Amino acid sequence: MMRKIYPRTGDMHTVYLNAVVKDPSIEIGDYTIYNDFVSDPLLFEQNNVLYHYPINHERLIIGNFCSIACGTKFLFNSANHTLKSLSTYTFPLFYEDWNLEKSNITTAWDNKGDIIIGNDVWIGYEAIIMAGVHVGNGAIIAAHAVVTKDVQPYTIVGGVPARFIRKRFNEEIIQELEKLKWWNWPIEKIRRCLPYITSGNLNKLSESTI
């Protein structure tokens with residue numbers, strides 16, 4: 001787990017998220033960064049993880065080496081008014097006024113599960129990730145996208161709602177990257193292999209595992 005909060009000297013807008021987040025139901029991988037030039041990035045839990053209430057027992061899981069842009073929002077299950085009712089009004093939430101059982105309060109919304117973000121994912125400016133969405137390793141979420149469905153590894157999506165734009169690489173390269181899982185390597189090994197990672201030299205990166 002990261003203990004250092006700010007990756008760059010003098011840059012107070014960018015933080016290593018797992019040095020900032022305290023909620024045990026939010027799991028953040030190492031070297032994942034969040035940048036916020038509008039609000040204090042230290043307030044990520046308060047400003048960016050929304051409708052995230054203990055009663056739902058839901059989790060936000062984000063992998064290693066992710067890049068999360070300013071204003072990204074993760075909207076959890078209590079934002080989803082149930083569609084099972086004939087009304088979108090959250091009657092169970094206001095149980096006192098309607099003489100309903102408090103124990104049925106969670107029927108006011110549809111529970112779609114956890115939000116899980118893979119490793120090396122780039123989430124663009126003011127994107128919104130909805131409850132229950134799983135984003136694969138290496139994916140890119142375009143600025144202002146509203147992601148309502150799962151995103152496959154190394155896929156670029158954008159729009160409202162977010163739709164497939166293209167794959168970053170061909171399937172052979174994607175499968176090799178998924179097999180290598182370089183983001184889980186020891187840090188010194190990653191340092192040694194940075195020239196291959198940053199130049200896109202997959203052959204050399206693969207050879208480094210031999």
Side-chain angles (χ1 to χ4, degrees), residues 1-2 4 7-8 14-19 21 26-35 44 48 59-75 112-210:
M1 178 176 173
M2 307 299 298
K4 180 181 179 181
R8 299 195 302 175
T14 306
V15 296
Y16 285 131
L17 264 187
N18 68 0
V21 169
I26 303 176
E27 301 174 26
I28 311 290
D30 285 341
Y31 294 96
T32 284
I33 57 171
Y34 174 61
N35 171 270
F44 176 82
N48 304 83
R59 297 175 301 160
L60 171 60
I61 300 174
I62 302 176
N64 299 328
F65 294 97
C66 291
S67 303
I68 303 174
C70 181
T72 294
K73 299 291 192 293
F74 299 90
L75 266 58
K112 299 183 178 181
D114 302 332
I115 296 175
I116 301 177
I117 310 297
N119 303 279
D120 192 27
V121 173
W122 173 21
I123 304 179
Y125 178 72
E126 290 191 341
I128 297 174
I129 316 296
M130 301 299 291
V133 166
H134 293 195
V135 177
N137 297 318
I140 297 176
I141 311 299
H144 295 288
V146 177
V147 185
T148 61
K149 296 180 180 178
D150 291 355
V151 179
Q152 295 301 307
Y154 292 93
T155 297
I156 303 172
V157 300
V160 182
R163 299 185 187 280
F164 174 87
I165 296 175
R166 66 178 175 86
K167 293 281 190 178
R168 291 180 57 196
F169 309 112
N170 64 41
E171 284 302 320
E172 183 179 351
I173 292 174
I174 291 172
Q175 288 177 17
E176 181 66 14
L177 287 166
E178 289 277 73
K179 183 176 74 174
L180 288 175
K181 296 185 182 347
W182 65 263
W183 45 81
N184 289 333
W185 290 356
I187 296 305
E188 285 310 311
K189 183 176 181 180
I190 294 175
R191 286 189 206 280
R192 290 198 307 272
C193 294
L194 273 183
Y196 312 140
I197 294 172
T198 56
S199 67
N201 194 331
L202 182 60
N203 289 334
K204 286 290 188 181
L205 189 66
S206 299
E207 289 172 4
S208 67
T209 65
I210 299 173

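These numbers come from the heavy atoms of this one structure, side chains and all, not from hydrogens, waters or symmetry mates. Throughout, numbering of the chain's residues begins at 1 and tracks the sequence. Predicted model only: the values in this text are computed from it and were never measured.
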Distance-minimising heavy-atom pair for G158 and A142
CA-CB, 3.7 Å
After noting the C-alpha distance and the side-chain angles of N137 and D120, does the key distance pass the side chain to side chain donor-acceptor pair (under 3.5 Å) rule?
CA-CA 6 Å; N137 297 318; D120 192 27; over 6 Å; no
Verdict with supporting geometry, N203 and L205, side chain to side chain contact (heavy atoms under 4.5 Å, CB included):
CA-CA 5 Å; N203 289 334; L205 189 66; over 6 Å; no
Under 3.5 Å: donor-acceptor pair, side chain of D114, backbone of R59:
yes
So, for P161 and T148, which heavy atoms are closest and what is the spacing to 0.1 Å?
CB-OG1, 3.9 Å
Considering non-hydrogen atoms only, spot the tightest contact between P7 and I33 and give its length.
CG-CG2, 4.1 Å
I want to check something: taking the side chain as every heavy atom from C-beta on, are E176 and S206 in contact at a cut-off of under 4.5 Å?
yes
Kindly compute the distance separating NZ (K73) from CD1 (I129), expressed to the nearest 0.5 Å.
11.5 Å
Roughly how far apart are Y34 OH and S67 OG, rounded to 0.5 Å?
13.0 Å
Does T32 use its side chain to pair, donor to acceptor, with the backbone of G63 at less than 3.5 Å?
yes
d(K179 NZ, I174 CD1) to nearest 0.5 Å is 14.5 Å
Measure centre to centre between the rings of Y31 and W183, then say whether the value is under 6.0 Å.
no
Please determine whether the number of non-hydrogen atoms from other residues, nucleotides or ligands lying under 6.0 Å from atom NZ of K112 exceeds 12.
no
Which heavy-atom pair separates I115 from L75 by the least distance, and what is that distance?
CD1-O, 3.9 Å
Which heavy-atom pair separates T198 from P195 by the least distance, and what is that distance?
OG1-O, 3.7 Å
Side chains of I173 and Y154, heavy atoms from C-beta outward: is any pair under 4.5 Å?
no
Strictly distance-based, threshold 3.5 Å: is any side-chain N or O of N170 a donor or acceptor partner for the main-chain N or O of E172?
yes
With rounding to the nearest 0.5 Å, note down the distance linking NZ in K189 to CD1 in I187.
12.0 Å
So with a 6.0 Å cut-off around NZ of K149, is the heavy-atom count from everything else above 12?
no
K4 versus Y16, closest heavy-atom pair with distance:
O-CD1, 3.3 Å
Are any non-hydrogen side-chain atoms of I68 and I117 less than 4.5 angstrom apart?
no
With heavy-atom distances below 4.5 Å as the criterion, would you say the side chains of L202 and L180 are in contact?
yes
I want to check something: taking the side chain as every heavy atom from C-beta on, are F44 and V15 in contact at a cut-off of under 4.5 Å?
no
One pair to check against side chain to side chain contact (heavy atoms under 4.5 Å, CB included): V147 and I123. What are the steps and the verdict?
CA-CA 11 Å; V147 185; I123 304 179; over 6 Å; no
Which is it for H144 and V160 under the side chain to side chain contact (heavy atoms under 4.5 Å, CB included) test, yes or no, and what are the steps along the way?
CA-CA 8 Å; H144 295 288; V160 182; 5.7 Å; no
Within a reach of under 6.0 Å around CH2 of W185, are more than 12 heavy atoms found that belong to other residues, nucleotides or ligands?
yes
I'd like to know if the side chain of D30 reaches the main chain of N64, judged simply by a donor and an acceptor atom lying under 3.5 Å from each other, with no hydrogens or angles considered.
no
Given 3.5 Å as the limit, does a donor-acceptor pair link the side chain of T155 with the main chain of P153, or not?
yes
Please step through side chain to side chain contact (heavy atoms under 4.5 Å, CB included) for the pair F74 and I26, ending with a clear verdict.
CA-CA 11 Å; F74 299 90; I26 303 176; over 6 Å; no
Reported OG-to-CD1 distance for the pair S208 and I197, which is rounded to 0.5 angstrom:
8.0 Å
Any heavy-atom pair between the side chains of F65 and N119 that's under 4.5 Å?
no
Between atom CG of N18 and atom CD1 of I28, what is the distance when rounded to the nearest 0.5 Å?
7.0 Å
Which of V151, D150, V157 passes side chain to side chain contact (heavy atoms under 4.5 Å, CB included) with V135? Answer is V151
